[in-house]
Amino acid sequence: MNETYEWLYDHYVLPLLSAEKDSEELLEELLARAAPEERMRLRDRVDSLLLLWGTEAFAVGLQLGLRLMAGQRAQGLAIS
């Protein structure tokens, strides 16, 4: 595996995986404290934010990957 990808995994992904467990516990606590009629709306809003942030993170990661790979090709890629 590329040294850069290993560093990103070790320093970015692994901490996020442990934070995901904590955030799920927090969400469950918030849902338990919310009024029954508000739980579905709250869950829908959190899911919408996760979808939006996931899409943004994918776009940034794709851009980073293209920039990293540009230097590894013989002719390179023109990315601005």
How many angstroms lie between atom [atom1] of [X] and atom [atom2] of [Y], to the nearest 0.5 angstrom?
| X | Y | atom1 | atom2 | value |
| --- | --- | --- | --- | --- |
| Asp47 | Arg43 | CG | CZ | 4.5 Å |
| Leu51 | Glu56 | CG | CD | 10.5 Å |
| Leu50 | Leu27 | CG | CG | 8.0 Å |

Fill in: Closest non-hydrogen atom pair between Leu31 and Leu42, with its separation
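Closest approach of Leu31 to Leu42, heavy atoms only: CD2-CD2, 3.7 Å.
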Practice prompt. Can you sort out the partners of Glu29 under side chain to side chain contact (heavy atoms under 4.5 Å, CB included), two or more places apart, ordered by chain and number?
Written response: Arg33
Response to the item:
Residues at least two apart in sequence or cross-chain that pass salt bridge (Lys or Arg N to Asp or Glu O under 4.0 Å) with Arg39, listed by chain then number, are none
